[in-house]
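A, B, ... follow the sequence lines: proteins, then strands. Residue 1 opens every chain. Quantities reported herein were computed from a predicted structural model and do not represent experimental measurements.
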2 protein chains.
Amino acid sequence: MGSLNFDHPQENNSAHMSGPLDLVELRRQGHMIIDFITDYYQNIEKHPVLSQVQPGYLKQRLPESAPYNPEPIETILRDVQDHIVPGLTHWQSPNHFAYFPATISTAGFLGEMLTTCFNVVGFNWMASPAATELETIVMDWLGDMLKLPNSFLFSGTGGGVLHGSTHESVVCTMAAARDQILSRIGEENIGKLVVYGSDQTHSVIQKVSQIVGIPSKNFRAIETTISSSFTLSPETLRLTVCSDMEAGLVPFYLCATVGTTATTAVDPLGPLCDVAKDYGMWVHVDAAYAGSACICPEFRQYIDGIEGANSFSFNAQKWFFTALDCCCLWVKNPSALTKSMSTDLEVLRNKASESKRVVDFKDWQIALTRRFRAIKLWLVLRSYGVANLRNFLRSHVKMAKRFEGLVRTDERFEVVVPRIFALVCFRISPSAISKANPTPSDEKCVNEVNCKLLEAINGSGWVYMTHAVVGGMYVLRCAIGASLTKEKHVAMAWKVVQEHVDAILPLTMY
Amino acid sequence: MGSLNFDHPQENNSAHMSGPLDLVELRRQGHMIIDFITDYYQNIEKHPVLSQVQPGYLKQRLPESAPYNPEPIETILRDVQDHIVPGLTHWQSPNHFAYFPATISTAGFLGEMLTTCFNVVGFNWMASPAATELETIVMDWLGDMLKLPNSFLFSGTGGGVLHGSTHESVVCTMAAARDQILSRIGEENIGKLVVYGSDQTHSVIQKVSQIVGIPSKNFRAIETTISSSFTLSPETLRLTVCSDMEAGLVPFYLCATVGTTATTAVDPLGPLCDVAKDYGMWVHVDAAYAGSACICPEFRQYIDGIEGANSFSFNAQKWFFTALDCCCLWVKNPSALTKSMSTDLEVLRNKASESKRVVDFKDWQIALTRRFRAIKLWLVLRSYGVANLRNFLRSHVKMAKRFEGLVRTDERFEVVVPRIFALVCFRISPSAISKANPTPSDEKCVNEVNCKLLEAINGSGWVYMTHAVVGGMYVLRCAIGASLTKEKHVAMAWKVVQEHVDAILPLTMY
């Protein structure tokens, strides 16, 4: 690393700028970057989706220390093009089928720009009333679109808040649930608390359990099986809870998932909430990916039973066109949340808060600082309307159906679990591998062949998919939903899969 | 609340959009909003700084539910102008002197646009190598500008990461410190752990202690006094720690502050770290506001002793022109952090991570999701260069000096603590109040007069300042540093203060 010389001789000669926010420059550079960004999207398919750089590539291309003197935006943007873009994995590429989509939209983009423009720190109502009030309004609008019960809405007895991530939502709800139970049984019993999920529950639950001080041995990842499509069984949950209680432990938090990360499995909310109710547990519903689909009547059934839960979150940043970051959390009992997350800071004391007529969102989240995220969600809802938002989601589901259909037409493949939303989980089937290879092929061998296939597909640079391991099976995941993806990209993705499987298991062998 | 009709008759007739990211529309609307935003800044002084709306104002102006059909951007922007702007507290106004500044800049603005444009989810290296590598590079650049010891840099034995807030940085470091000590004394002893700060330490420490499972009675807010400028006394710390140890408790985490929220007091890092070392405590240095100033040689002294700490954070979103959110955290021992924050998620498994040749920032933070914040910090460093960044900060300090000078020229006022950075803490002095009011005036009365003055100033709409209470004194805080603030605004702010004090304590009485 180079080191700055604090007595740099040019210091006094350096060009004095008018300030960090020169409006002539903001307008000029702002227009320039709009064109830069639109051009990036226009040319996005020219780049390999998955970056092909090697670890450490960037250090070799950039100086060892920050420049002493200012550099023109033109130079910086050229460097973005030459040095940053090659190191990006292009999440906005129409050929990005990995993980889950991180969707953007024109409205989400403009909304983010307004968030930055106003750059208000809306920790409490008074620090920017519009930021707080718009958030309560859009959370009710969206809750209404999802047909959430009134008990989750401000217009009822609950309320919603925008967090930065599911992790933050789980920290807040789990801390609230923990403090509720500890206030009854005593702080010293924190070591007895137990958290429940399935082996398909996102790692967020285990990580957050540890963050909030639950002993690592007190997290239960209840096993799921393919026979029940990797969903959490209410019966097994009850048995596990009973066994923990017999051992003197205290069950207190259950995470049910609507759309698991691996395969978009949907846990049965109603029966799970019934079990939780019997033992006084807090139920959080994590619908990070699939929640948005529930604005369509045909998908609303997947959150049936939500009325029995205590909190519900989904990520608008995933499949709802708002750009990072925007996690929507609704809670039934806001006072449980604020009891655990409130701070009383003299410098923020004000009459509006004391009047109790306003919401102070600092008491609904981890941090004090908060971005004005509500405005981008508002722009998305208004720019597209409910009708087009449904159309966008349905078009992705339709493309996923098409891809699923293509997989089913090729006898070398199998669809591992039935597709529900816009994710297709598939693999080369064990029987196809056995046919091609006369020596007996065990599961390990089947997994290796599928892993090899995925590596070949991603190495091509044409598309990017990822994998999961469920029930011991290595499966390929094709997640459709990037904002620029059209039917032709899905057709091309399938062509890439076929080309690479041909090299492994030629169709001619059949 | 209105309720959506899922069988809306117009559904099938609604205009089908080409998709959420139509590039012709993105370019058109993008240029439009650049002008909207620049115009907002140009006219920002026409609005009262502190919003004058009443609780519930917005609900009366917006529809009860989300629109079914799309609305044009022109309509939405008109509503932003008519309904959102009046409810904003204008943090970017040159007349905003409240809290601490939340600065933006042209470069920060453009950087945020690139963050949104690429919208990569850089949880691990592979998910976007450029995002991870640029972050390691800018954190070393910035660490170098601050003359942090090599033990905090990637080029040495440490490293830095961008978080969303100080709260997140404290959650991660406190969980790491907690797990380190509990691995030695056993998880069941979590109830014995004690956290230390002063009565001036930000509420973040107490809130996070509770989040990570430390009993609320185990947080020590050590009293400070005006005689030591509200700094934490190493001697008192040692006595408190010893007394806790005698009671069988286990001290494990100390937060020292460089630039406290109330008065920008600077705790003596060296001596505090010495005490902490004797008892094996983790020291976190919170320089949320004042850290940025330490890139200037004349302010670097305030973090002397940092080599004895374990972690250091400052908010580039405060006084470093990056816009929300951007908290910079450096740690000496990244493995302590990653040990507590790591997750092993099958869907993210990849060869680069397994090679151990890359950094996976998901293991340095709470969430999995992370925005590409490094690019905006990179744009800020390059667009202005070290020289101009220092110039910007110095110009704010100079203006604060000027304001402090003006306060001192008026015998009705006193500067409560010596100004160090760009915050001036002042009040109408008790003697001035006694002189004006022949009945004896106690501290309560002095505080009430000052509170009344602040309310009058803020009610004017011309400027916005906030208050603090230190050592029982209610003080007014004038925090200079908004990106558009010039000398004339500071002069005007003082004029507003004088006009309002004239109504309370006319100079003619002297």
Side-chain angles (χ1 to χ4, degrees), chain A residues 1 6 14 20-21 25-27 30 33-34 37-38 51 55 58 66-71 84 87-89 91 102 104-106 110 112 116-117 119-121 128-130 133 141 155 165 167 187 203 213 215 297 321 323-324 343 345-346 357-358 366-367 369 371 381-382 385-387 469 483, chain B residues 1 6 14 20-21 25-27 30 33-34 37-38 51 55 58 66-71 84 87-89 91 102 104-106 110 112 116-117 119-121 128-130 133 141 155 165 167 187 203 213 215 297 321 323-324 343 345-346 357-358 366-367 369 371 381-382 385-387 469 483:
Chain A
M1 279 299 298
F6 274 146
S14 102
L21 192 61
E25 275 306 298
L26 177 66
R27 202 184 291 268
I33 203 159
I34 287 291
I37 288 170
T38 316
S51 174
L58 194 57
Y68 188 77
N69 288 311
E71 296 183 82
I84 302 300
L88 293 175
T89 291
W91 284 71
I104 56 169
S105 62
T106 302
L110 266 62
E112 267 290 340
T116 308
C117 162
N119 205 44
V120 299
V121 190
S128 229
E133 297 205 5
W141 280 14
S155 61
S165 62
H167 284 74
E187 277 184 330
S203 65
F321 317 107
L324 292 168
T343 46
L345 202 58
E346 178 61 40
R357 290 171 59 213
V358 298
I366 297 174
T369 300
R371 305 199 306 133
L381 296 181
R382 294 189 61 184
V386 177
V469 175
S483 302
Chain B
M1 280 299 296
F6 274 147
S14 102
L21 192 61
E25 275 304 299
L26 177 67
R27 201 184 292 268
I33 203 159
I34 288 291
I37 288 169
T38 315
S51 175
L58 194 56
Y68 188 76
N69 288 311
E71 296 185 81
I84 302 299
L88 292 175
T89 291
W91 284 71
I104 56 168
S105 62
T106 302
L110 267 60
E112 267 290 339
T116 308
C117 161
N119 205 43
V120 298
V121 189
S128 230
E133 296 204 6
W141 281 13
S155 60
S165 63
H167 284 73
E187 277 185 330
S203 65
F321 317 107
L324 292 168
T343 45
L345 202 57
E346 177 62 40
R357 290 170 59 212
V358 299
I366 297 174
T369 299
R371 305 198 307 132
L381 296 181
R382 294 189 61 184
V386 177
V469 175
S483 302

* To do: Tell me, for B:E112 versus chain A, whether the close heavy atoms (under 4.5 Å) come from the side chain, the backbone, both or neither.
  => side chain

* To do: Answer yes or no: is there a donor N or O on one side and an acceptor on the other, between the side chain of B:N119 and the main chain of A:L324, under 3.5 Å?
  => yes

* Structure fact -> Greatest number of non-hydrogen atom pairs under 4.5 angstrom with chain B, of A:E346, A:R382, A:R357, A:E133, falls to A:R382

* To do: Check whether A:T369 gets within reach of chain B through its side chain, its backbone, both or neither, counting any heavy atom under 4.5 Å.
  => side chain

* **Top of A:G213, A:S165, A:P129, A:A102 for chain B proximity - count of heavy-atom pairs under 4.5 angstrom** => A:P129

* Is there side-chain contact between B:P20 and A:I104, with at least one heavy-atom pair below 4.5 Å? -> no

* Structure fact -> For A:C117 and B:I37 the tightest heavy-atom approach is SG-CG2, 3.7 Å

* Structure fact -> Heaviest contributor of heavy-atom pairs below 4.5 Å to chain B, chosen from A:I33, A:I84, A:V120, A:V121, is A:V121

* Taking B:G87, B:S483, B:S203, B:P215 one by one, which has the highest count of heavy-atom pairs under 4.5 Å against chain A? -> B:G87

* **B:L88 backbone acceptor or donor facing A:S128 side chain under 3.5 Å** => no

* Selection from A:I366, A:L381, A:T343 maximising heavy-atom pairs under 4.5 Å formed with chain B -> A:I366

* Pick one of side chain, backbone, both or neither for A:E187, based on which atoms fall under 4.5 Å of a heavy atom in chain B. => side chain

* Asked: With only heavy atoms counted, which part of A:S51 is less than 4.5 Å from chain B, the side chain, the backbone, both or neither?
  -> side chain

* Of the backbone (N, CA, C, O) and the side chain (C-beta and beyond), which part of A:V358 lies under 4.5 Å from a heavy atom of chain B, both, or neither? -> side chain

* **Step-by-step side-chain contact (heavy atoms from CB on, under 4.5 Å) determination, B:T116 to A:T116** => CA-CA 11 Å; B:T116 308; A:T116 308; over 6 Å; no

* **Nearest-0.5 Å distance, OG1 of residue B:T38 to CD of residue A:E25** => 11.0 Å

* Asked: CZ/B:R27 to OG1/A:T106 distance, rounded to the nearest 0.5 angstrom?
  -> 12.0 Å

